[in-house]
Asks: 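Here it is, the structure, as structure tokens.
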Amino acid sequence: MGLFGKLFDKKECSICGDEIGLLGNRKLEDGNLCKSCAAKLSPWFNERRQSTVEEIREQLSYREANQEKVSAFRITRTLGENIKVLLDEDAGLFMVTSAKNLEEANPDVLSFSDVTGCQLDIEESKTEIEYRDEEGERQSFNPKRYAYSYDFYIVINVNHPYFNEIRFKLNSSSVDNDAETLLDGPDDMRMRGRFHGSMGGSSFTSNAEEVRSSVEYQQYEAMGQEIKDALLQVRQQVREEAAAAATPKAAVTCPYCGATTIPDASGCCEFCGGAVNG
């Protein structure tokens with residue numbers, strides 16, 4: 001058959017046993033995976049090629065159990081715009097998803113204690129602004145001029161068996177003040193009034209300051225900071241509660257009944273129920 005014969009050989013999914021179509025194979029370290037089974041894996045998982053069939057089976061079992069957590073999840077707080085961070089503060093859980101149908105999407109449900117860090121990552125890009133001369137050729141300004149754009153990403157570091165990072169974009173399109181980067185002539189920028197104030201005229205070389213001071217930029221920066229602060233705060237609360245629970249309680253004398261007692265979780269005497277100081 002040769003190389004082409006092997007290329008078009010039919011393959012079976014090592015998980016479900018179904019035949020895999022020509023362009024539907026997802027390679028594993030020691031087997032093959034169909035599109036249907038691959039779709040059931042965590043969206044934050046990116047080590048499929050380095051995974052064995054057994055490891056994929058284990059993850060799919062975890063994902064099936066996760067479905068029950070999704071069903072029990074009760075949203076108490078929502079953060080974000082397109083992709084959202086959903087919190088179940090009563091249960092100490094959260095998920096990150098853009099799905100409207102949670103049962104169908106089965107987003108990973110994580111504990112607040114799984115969070116090991118969270119950052120707001122603002123990516124800056126620049127594009128040179130050029131103009132067409134009388135012959136229609138692209139020309140640079142002297143000095144060169146640039147239009148800046150920004151994208152906002154949240155990076156949540158987590159302690160999880162199948163991924164250690166959740167990274168997602170807050171904005172659906174880049175924040176750039178709709179700047180045009182190919183003008184009809186060297187005076188077009190002034191004529192259109194796209195850039196104004198101290199950055200206008202021949203001294204203009206960058207619109208970065210203008211874009212960063214825009215309402216849209218400020219909104220996404222505030223949104224990212226809110227998500228970061230919220231996740232770091234709930235993580236800290238969980239850790240403080242765990243540390244307090246692990247701290248041995250000292251016996252004290254109850255000022256009400258005089259008994260030597262170890263205060264309960266509410267700080268009360270185990271015998272008379274009075275509030276114990278100490």
Asks: So which atom in A208 and which in Y150 form the shortest heavy-atom distance, rounded to 0.1 Å?
Replies: CB-OH, 3.6 Å
Asks: Identify the heavy atoms of P43 and R63 that sit nearest to each other, and give their distance.
Replies: CD-NH2, 4.3 Å
Asks: Is the F94 ring parallel, tilted or perpendicular to the F112 ring (thresholds 30°, 60°)?
Replies: parallel
Asks: With the side chain counted from C-beta on, respond yes when V276 and C268 share a heavy-atom pair under 4.5 Å apart, and no when they do not.
Replies: no
Asks: May I ask you to check whether T52 and E29 show a side-chain donor-acceptor distance below 3.5 Å?
Replies: no
Asks: Please check: side-chain N/O of N207 versus main-chain N/O of E210, any donor-acceptor pairing under 3.5 Å?
Replies: no
Asks: Answer yes or no: does atom CD of E104 have more than 12 heavy-atom neighbours from other residues, nucleotides or ligands under 6.0 Å?
Replies: no
Asks: Consider only side-chain N and O atoms of E128 and T181, and report whether a donor and an acceptor are under 3.5 Å apart.
Replies: no
Asks: Taking only residues two or more places apart in sequence, or in another chain, which ones meet T127 in a side-chain hydrogen bond (donor to acceptor under 3.5 Å, both in side chains)?
Replies: none
Asks: Examine the side chains of N157 and Q119 and answer whether a donor and an acceptor come within less than 3.5 Å of each other.
Replies: yes
Asks: Does any non-hydrogen side-chain atom of F163 lie less than 4.5 Å from one of S42?
Replies: yes
Asks: To the nearest 0.5 Å, what is the distance between CG (N66) and CD (Q59)?
Replies: 10.0 Å
Asks: What's the shortest heavy-atom distance between E221 and L120, and which atoms?
Replies: O-CD2, 3.7 Å
Asks: Looking at every non-hydrogen atom in both residues, tell me the closest pair between V109 and M95 and how far apart they are.
Replies: CG2-CE, 3.7 Å
Asks: Rounded at 0.5 Å granularity, tell me how far CG in N25 sits from CD in E19.
Replies: 11.5 Å
Asks: Report yes or no: does S111 contribute a side-chain atom to a donor-acceptor pair with the main-chain N or O of L93 at less than 3.5 Å?
Replies: no
Asks: If you group Ile, Leu, Val, Met, Phe, Trp and Tyr by side-chain heavy-atom gaps below 4.5 Å, do V252 and F271 land in one group?
Replies: no
Asks: Give the minimum heavy-atom separation between A275 and P255, together with the two atoms involved.
Replies: O-CG, 4.2 Å
Asks: Whether the side chain of T97 engages the backbone of A99 through a donor-acceptor N/O pair (distance < 3.5 Å, no angle test) should be reported.
Replies: yes
Asks: Would you say the side chain of F141 lies within less than 4.5 Å of the side chain of I129, judging by non-hydrogen atoms?
Replies: yes
Asks: Any side-chain heavy-atom pair from R132 and E137 closer than 4.5 angstrom?
Replies: no
Asks: If you define the side chain from C-beta out and look only at heavy atoms, does anything of L87 sit under 4.5 Å from T78?
Replies: no
Asks: Mind checking the OG-CD1 spacing from S51 to I56? Nearest 0.5 Å is all I need.
Replies: 4.5 Å
Asks: Before giving the answer on side-chain contact (heavy atoms from CB on, under 4.5 Å), spell out for H160 and L110 the whole-Å C-alpha distance, their side-chain angles and the decisive distance to 0.1 Å.
Replies: CA-CA 8 Å; H160 193 276; L110 293 93; 4.0 Å; yes
Asks: How long is the straight-line distance from CZ of R212 back to OG of S214, given to the nearest 0.5 Å?
Replies: 10.5 Å
Asks: Hey, is the main chain of D178 close enough, under 3.5 Å, to the side chain of D176 for a donor-acceptor pair?
Replies: yes
Asks: Are the side chains of V215 and Y220 in contact, using a 4.5 Å heavy-atom criterion?
Replies: no
Asks: Identify whether Y217 and I227 are in the same connected component of the hydrophobic contact network (ILVMFWY, side-chain heavy atoms under 4.5 Å).
Replies: yes
Asks: Same hydrophobic cluster for L60 and V53, using side-chain heavy-atom links shorter than 4.5 Å among ILVMFWY?
Replies: yes
Asks: Could you pull out all residues at least two apart from R138 that satisfy salt bridge (charged side-chain N to carboxylate O under 4.0 Å, His left out)?
Replies: E130
Asks: Considering all heavy atoms of both residues, which atom of Y162 and which atom of F45 are nearest to each other, and what is their separation?
Replies: O-CD1, 3.1 Å
Asks: Step through the shown structure and confirm whether more than 12 heavy atoms of other residues, nucleotides or ligands are within 6.0 Å of CD on E64.
Replies: no
Asks: Is there a donor-acceptor contact under 3.5 Å from the side chain of K84 to the main chain of E81?
Replies: yes
Asks: Are the side chains of V96 and F168 in touch, meaning some heavy atoms are under 4.5 Å apart?
Replies: yes
Asks: Does L79 belong to the same Ile/Leu/Val/Met/Phe/Trp/Tyr cluster as V238, with side-chain heavy atoms less than 4.5 Å apart forming each link?
Replies: yes
Asks: Once rounded to the nearest 0.5 Å, what's the spacing between atom OH of Y62 and atom CG of L41?
Replies: 10.5 Å
Asks: Is there side-chain contact between R48 and L28, with heavy atoms separated by less than 4.5 Å?
Replies: yes
Asks: side-chain contact (heavy atoms from CB on, under 4.5 Å) for T76 and L86? Distances and angles first, verdict last.
Replies: CA-CA 8 Å; T76 60; L86 307 177; over 6 Å; no
Asks: Quick one: does NZ or CZ of K126 land under 6.0 Å from the six-membered ring centre of Y148, within 45 degrees of the ring axis?
Replies: no
Asks: To the nearest 0.5 Å, what is the distance between CG on N171 and CG on N82?
Replies: 8.5 Å
Asks: List the steps and the verdict of side-chain contact (heavy atoms from CB on, under 4.5 Å) for N164 and N159.
Replies: CA-CA 6 Å; N164 55 26; N159 181 17; over 6 Å; no
Asks: Count the heavy atoms of every other residue, nucleotide or ligand shown that sit under 6.0 Å from CD of E68, and state whether that count exceeds 12.
Replies: no
Asks: Looking at Y153, is R167 sitting on its ring face, NZ or CZ under 6.0 Å from the six-membered ring centre and within 45 degrees of the normal?
Replies: yes
Asks: Donor-acceptor pairs under 3.5 angstrom involving side-chain atoms of residues 229-236: please list them, not counting sequence neighbours.
Replies:
{"from": "D229", "atom 1": "OD1", "to": "Q225", "atom 2": "NE2", "distance (Å)": "3.1"}
{"from": "R235", "atom 1": "NH1", "to": "T116", "atom 2": "O", "distance (Å)": "3.0"}
{"from": "Q236", "atom 1": "NE2", "to": "E240", "atom 2": "OE2", "distance (Å)": "3.3"}

Asks: When you look at CG of D121, are more than 12 heavy atoms from neighbouring residues, nucleotides or ligands closer to it than 6.0 Å?
Replies: yes
Asks: Is it true that atom NZ of K169 has more than 12 heavy atoms of other residues, nucleotides or ligands lying nearer than 6.0 Å?
Replies: yes
Asks: Please assess R239 against S113 for the test side-chain contact (heavy atoms from CB on, under 4.5 Å), listing each intermediate value before the final yes or no.
Replies: CA-CA 7 Å; R239 293 190 173 189; S113 60; 5.8 Å; no
Asks: With the 4.5 Å side-chain cut-off for hydrophobic clustering, are I122 and V211 part of the same group?
Replies: yes
